[in-house]
Amino acid sequence: MDPELPASSPAMSTAGGTDGAPERRLVFAFYLTGHGFGHATRAIEVVRHLIAAGHEVHVSTAVPEFVFTAELRSPGLHVRKVLLDCGAVQSDPLTVDPLASLEKYHQTAVVPRESILRTEAEWLRSVKADLVVSDVVPVVCRAAADAGIRSVCIGNFSWDSIYAEYIMAAGYPHRSIVWQIAEDYSNCETLLRLPGYCPMPAFRDVTDVPLVVRGLRKSRSEVRKDLGIAESTKVVIFNFGGQPAGWKLKQEWLPDGWICLVCGASDSQEVPPNFIKLEKDTYTPDVMAASDCMLGKIGYGTASEALAYKLPFVFVRRDYFNEEPFLRNLLEHHQSSIEMIRRDFLAGHWKPYLLRALTLQPSYDGPTNGGQVAARILQDIAVGKKCASDKFNGARRLQDAIVLGYQLQRTPGKDVGIPDWYSLNGTEIGAHPIIENTEKIKTAESCCEDFEILHGDLQGLTDTMAFLKSLSGLTGNELKDSEVQSRERTAASVLFDWEREIYVARAPGRLDVMGGIADYSGSLVLQMPLREACHVAVQRNHPSKQKLWKHVQARQLENTGVVPVVQIVSFGSELSNRAPTFDMDLSDFMDGDKPISYEKAREFFCQDPSQKWAAYVSGTILILMTELGVQFTDSMSILVSSAVPEGKGVSSSASVEVATMSAIAAAYGLNITPRDLALLCQKVENHVVGAPCGVMDQMASACGEANKLLAMVCQPAEVKELVMIPSHIRFWGLDSGIRHSVGGGDYGSVRVGTYMGRKMIKCAASDLVSVSSTSDAPAQSDDYKEKGRDVLKSEASMEYLCKLPPHRYEAAYSKDIPETITGDAFLEKYGDHDDMVTVIDPKRSYSVKAPTRHPIYENFRVETFKALLTAANTDEQLSALGELMYQCHYSYNACGLGSDGTDRLVNLVQEMQHRKTPENGGPNLYGAKITGGGSGGSVCVIGKNCLQSAEEIAEIQQRYKAATGYQPIVFDGSSPGAGKFGYLKIRRRLIITK
C-alpha cells in the first residue's frame, strides 16, 4: 500500500479555505525531540497530511533521516539534522539515570542556549516558515517568538513535567532547568494535546486531538504468511523500543507453541528457535496487528497503536518517567493492559501474564485520525485562524510555569506515608496512646476483611476505615438484622452491585487560616485541610445491568426504556431535613447532542428544595460533560458520606464536590490534576449551584496535605508551596453555631462592592495616565515620570485587586473611593463591574470602600503571616501572627461580614490571651479570626501546641455555651487532600460457604 494519504481520506482544507490545490503553499518548521522513535512515528503521520495538502515541511531532529524518508518520499519534505534536547539518559529500556539526564540537557540546551536561539531564529527566517511545530523541544518555542513566528506544540507530555521528578530524585541544583523549559513552552500559542497526557502546566491553551497512529499496510494473514507463522499460532511481539538491552531470551519463557517476534534486536543477539528477530525496517504496526498480544514498555507509540489495533499489552513498569502512569491509566480504562512485575520479567516468568492477556477484551473505539486532525489545525493556525480550545480555553488553562512548584512537591513515589495515628513526639498535642492505635489497626484489619483493595492505600485514616465498615454493613444480614433502618441506608443497601468494583475518594474540609474572601481578588491565602472529610463511593454499570430503585424502573418503562441513570444516596441528609436520595436520567443533562446550559441546570435543581443538595454531587457530572467533553454512557451509583458539618464555614460543599468528582474521575479513568479538578469543582459551585465563591476552598480540599498550610495565589489558582506548620504552633476551628452560606446576600453584595472598587481604581488610573502624559512637572525627573506612568498603566489594566500594594492604594486612590454607591449610579458612570458570577441590582446600595480596602491589606497580611511562620520560636512570633489574625477579623466586620457569635468567640480568645495566671505569666492562645465567607460559621484560633492551650479551648467552649446555649464544635487536626489520598478501588470479598 502506498504510504501517502489514502484517496478515501477527507481532503484537508487548504490555505485558502478551499479543497484542491492550495492558494498559498505554507512552510512548516517541525522540530522533534531526540528521545525515542515514538515522537518521529507520530510526527510522520502529521507531516504526511501536511505534504498531501501541498505544503512544505522542514523537519529538524537528531532522529536518523531514513526514519522519515522510508515513510515519505516527497520534494516537499526536508530533513535537517540538529540536536536541541536530549530526552532521558537510559542505560537500558527500563532504567533512567535522572542526574545524567539533567546534566546532559544542561550541556545540550543550557550552555549553548544563546547560540541556539540566534541560529534557529535566523534559520526560521531563512526558510520563511509560516508556523513552528514542536514535539516537544522547548527552546524552539522561544526561538520562534524571537523570529516573530507563531509556534504550536504537540504531545502527551512536556519535559518540565518529566524533569521535575528527576530534580526531586537526584538533581535539585538543576532545578532552574525546569523553570527555563516551562518559560520556553509558555511562548507557544497552543498545545495539541494527545490522549494519555500528563499534567503540562506551562501551556497557556490546549486543544485536544485524537490518537495519532500509523495505518496498516498489510493484513494479518499477509504478515503471518511473510513470517512463516500459521494463523492458529499464538504470537507475542516483544517491543521495548530501539534501546539495546542485552537481555538473554530463553525458549522456556514462552507458553508451549507460542512465537515471540523481537523488535530492535541487535545483529549479534542470539535468540531461541521460538523467537524471531524482525528486520530493522519492519513496519511495526502491521506486525502488532498480526500478533495476539504485546510485551514491552509503555510509551506513546506502543500505547496508542495497542489501543488502535485492540492488542492486549503486557507492560513492564519503568521508573522516573512521568509519562507512563497516564498512558497506563488510558490502557487500563480500555481493558487493554496488564502489568508484569519487573522481577518476573527478568526471571522469565512470562507464561501466566501472556495467557492472562488473551482474556482481555480491549474496548477502545475512539478516533485514530489524530494526524489528519492535527494537520488541519496546524494549517488553520498558519494562515492566521484562531484555534478555539475544545476542552479548556486560555483563561481556564494554567497560565504560569510557577504552578510547577506544586508539581515538584507532589512527585509520585517520593513521599513517605505516615499514618495519622503515628506521632514521633508524644509531648505534642495530637499524639495518641498505644491502646488507641491498636484499636485503629484492628479497625483497618476488619474493613480489609470485608473488601479487597485493588488500588490505593488506607493511609492509616480511621475515617476511611469507618466508611468501608459502613459499606460492608449494607450487605448481607447486617442490614436485615437492624431493628430500624433509615431511608438512606435502605436505599443504599440496593445501590451497588457488590460483585463489581467500587471507587472511593476522600476530600477534607478546610480551615481558613488567612486569606478568606480576598481569594476572588487574587490574594495569597493559607488553608489547612481538616481531619473531617467527605467520602464518596462511585460505581458504574451498563444501563441494562444497573440495579434500579422501583420508581426509576417504572419511569424507564413508561418512557424510553433502558437509559443511563444516576442514583445518589447521601448519608446524614435526614438530619438536615433533606431528601436522602436523588435520581435522574443522564439524558436530562442533554439538550439535543449538547449538554444543557448552566442556567437550565440551576433551574432543574431548584425544582425541589429538598433535593437541591444534589446539585453539588451530580453537578460535577454536568461540568465534566461541558468542560471536558466527557460522554457518560454508563449508569452511575453514588454514595456520599460527609463528616464535614454544613454551614460552619469549613467548606462542606467543596469537600463534597471534590470527593465526588475525584471518585467519578477514578471510575471513568479521567486523568485530572488536583488543581484542574479544584477549578472544575469551583465551576460546579459558581455555575450549577449558583454560589459566587472563590477557588480556595476547592483547592485546599483537592491539593492540601496533612499538617501543612496550602499557600496559594488565587490568580486564578497558583499553588506557591505547602508550608509546614511549626511544631510549636497549633490551629483550631471553633463553630459559632450561626449558619454560614456563600450564597447569602451579604457575601454576594460584598463581592459586588469589591469589584466596583476595582473598576473605580482602574478608571482613575487610566485618567491619571492621560494627565501624566500632558502635564509638565519640573520637580520630577523624566525617568521618574516615565516609571510613574508605567505603574499607572499597570494599575489601569489590573486584573486582580490584590496586585495593588497598600501604599499605592493610600497614595493614589483611597480618598476617591466612596463609602457606598447605589447600583444605578455605578452602572450609569462605569458601565459594569466585570464580574461573571454576580449581578448588580440597580435599586440596591452597596458598600464599596471597606470591601475594596480589605483584599488589598489582607494580601499584605497573609504574606507577612507566611513569612513569620518561619521565624524563630518566640512569644513575639506568636503575638505577631495573632495580631494579623485579629486585624483580618475586624476588617471582615468593616465589610459587613461579621456576626455576634464569631465576635463573641474572638473576644473569649482575647480574654484568655490577656488574663494573668499564677502558674505562667505568658499566654497560650494568641489570636483568632472569622473564616471563609464570614457572616457566621467558624473562627480560626492560633496558639501554642501544648496541653494548656487545649484546656483553654475547652473552657471557651463551655463559656460560649453558658452565654448562648450552643456548644461550639471544635475542629482539631489535619489530614491529606483528595490529590494526596488518590482513590481506592475495592471489591467485596466473596463469602465461601461450606
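We number each residue from 1, following the sequence as shown. The structure displayed is predicted, hence computed values, not measured ones.
- For the pair Arg500/Lys545, no side-chain contact is recorded, criterion being any heavy-atom separation below 4.5 Å from C-beta on.
- In this structure a side-chain-to-backbone donor-acceptor pair under 3.5 Å is present from Asn187 to Glu183.
- Residues Pro595 and Leu622 are in side-chain contact: their nearest non-hydrogen atoms beyond the backbone lie under 4.5 Å apart.
- Atom-to-atom distance recorded for Met528:CE and Thr931:OG1 is 11.0 Å, nearest 0.5 angstrom.
- Leu677 CG to Ile672 CD1: the interatomic distance, rounded to the nearest 0.5 Å, is 5.5 Å.
- One finds no salt bridge joining Arg602 and Glu599 here, because no Lys/Arg side-chain nitrogen approaches an Asp/Glu carboxylate oxygen to under 4.0 Å.
- Leu192 is not listed as a side-chain neighbour of Cys153, based on a closest heavy-atom distance of 4.5 Å or more.
- When all heavy atoms of Ala717 and Val695 are compared, the closest pair comes out as CB-CG1, 3.9 Å.
- Using a 4.5 Å cut-off on side-chain heavy atoms (C-beta onward), Arg204 and Tyr185 make no contact.
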Problem set entry | side chain to side chain contact (heavy atoms under 4.5 Å, CB included) assessment of Val46 paired with Leu378 | CA-CA 9 Å; Val46 180; Leu378 294 175; 3.7 Å; yes
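- For Val209 against Pro195, the heavy-atom pair with the smallest separation is O-CD, 3.2 Å.
- Looking only at distances, a side-chain donor or acceptor of His455 sits under 3.5 Å from a matching main-chain atom of Tyr983.
- Results of the side-chain contact (heavy atoms from CB on, under 4.5 Å) test with Ile638 over Leu495, Thr620, Val538 single out Val538 as the only residue that passes.
- With values rounded to the nearest 0.5 angstrom, Leu327 atom CG is found 8.5 Å from Tyr300 atom OH.
- Comment: Glu189 engages Arg150 in a salt bridge, judged by a side-chain N to carboxylate O separation of less than 4.0 angstrom.
- Between Val504 and Ile986 the shortest heavy-atom distance is CG2-CD1, 4.0 Å.
- In this structure, CG on Asp135 lies 6.0 Å from NE2 on His39, to the nearest 0.5 angstrom.
- A donor atom on one side chain and an acceptor atom on the other are found under 3.5 Å apart for Arg510 and Ser651.
- A 4.5 Å side-chain heavy-atom check between Cys714 and Tyr520 finds every atom pair outside the cut-off.
- Atom OG of Ser363 and atom NE2 of His334 lie 6.0 Å apart (nearest 0.5 Å).
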In a table with atom names and distances, give each donor-acceptor pair under 3.5 Å that connects a side chain of residues 657-664 to protein atoms at least two apart or in another chain.
unit_1, atom_1, unit_2, atom_2, d
Glu657, OE1, Gln698, NE2, 3.1
Thr660, OG1, Val656, O, 2.7
Ser662, OG, Val658, O, 2.7

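- For His687 and Thr626, the side-chain atoms include no donor-acceptor pair closer than 3.5 Å.
- Between the side chain of Ser975 and the backbone N or O of Leu530, at least one donor-acceptor pair lies under 3.5 Å.
- Side-chain polar atoms of Arg42 and Asn156 form a donor-acceptor pair below 3.5 angstrom.
- The backbone N or O of Ile181 sits nowhere less than 3.5 Å from a side-chain atom of Asp160 that would complete a donor-acceptor pair.
- Here the closest non-hydrogen pair linking Pro199 and Thr673 is CG-CG2, 3.1 Å.
- Residue Arg751 comes nearest to Thr838 through the heavy atom pair CD-CG2, 3.8 Å, listed as atom of the first residue, atom of the second, then distance.
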Exercise. Side chain to side chain contact (heavy atoms under 4.5 Å, CB included) between Val566 and Ile621: does it pass, once the steps are laid out?
Worked result: CA-CA 10 Å; Val566 178; Ile621 300 172; 3.7 Å; yes
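- Between the Ser642 side chain and the Val644 main chain, a donor and an acceptor come within less than 3.5 Å of each other.
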Exercise. Please walk me through it: do Phe203 and Ser186 pass side chain to side chain contact (heavy atoms under 4.5 Å, CB included)?
Worked result: CA-CA 5 Å; Phe203 296 99; Ser186 70; over 6 Å; no
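- Using a distance-only test at 3.5 Å, with no hydrogens or angles considered, a donor-acceptor pair links the side chain of Arg540 to the main chain of Ala667.
- Side-chain contact annotation: His535 with Thr464, donor-acceptor N/O pair under 3.5 Å present.
- For Arg758 and Tyr755, the positive end is not near the middle of the six-membered ring at less than 6.0 Å and at most 45° from its axis.
- Side-chain contact between Tyr800 and Val713 is absent, with no heavy atoms from C-beta onward closer than 4.5 Å.
- Ser151 places no side-chain N or O within 3.5 Å of a backbone atom of Val133 that could act as its donor or acceptor partner.
- Not less than 6.0 angstrom separates the ring centroid of Tyr668 from the ring centroid of His333.
- Met712 has its side chain within reach of Met696: a pair of non-hydrogen atoms, C-beta onward, lies under 4.5 Å apart.
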For this session: Take Leu709 and Gln527, measure what side chain to side chain contact (heavy atoms under 4.5 Å, CB included) needs, and give me the verdict at the end.
Result: CA-CA 5 Å; Leu709 299 181; Gln527 307 296 306; over 6 Å; no
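- Here the side chains of Val688 and Lys683 are not in contact, with every heavy-atom distance at 4.5 Å or above.
- Distance OG/Ser655 to OH/Tyr616: 11.0 Å, rounded to 0.5 Å.
- Using a distance-only test at 3.5 Å, with no hydrogens or angles considered, a donor-acceptor pair links the side chain of Asp512 to the main chain of Gly516.
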Exercise. Hey, mind stepping through Glu705 and Lys708 against salt bridge (charged side-chain N to carboxylate O under 4.0 Å, His left out) and telling me if it holds?
Worked result: CA-CA 6 Å; Glu705 291 186 18; Lys708 296 179 182 178; 3.0 Å; yes
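- For Ser161 (side chain) and Ser158 (main-chain N/O), a donor-acceptor pair under 3.5 Å exists by modelled atom type.
- Checked by atom type, the side-chain pair Gln546/Ser637 shows a donor-acceptor distance below 3.5 Å.
- Judged by distance alone, with hydrogens and angles left aside, the side-chain atoms of Tyr197 form no donor-acceptor pair with the main-chain N or O of Met200 at under 3.5 Å.
- Closest of all the heavy-atom pairs between Ser618 and Ile568 is CB-CD1, 4.0 Å.
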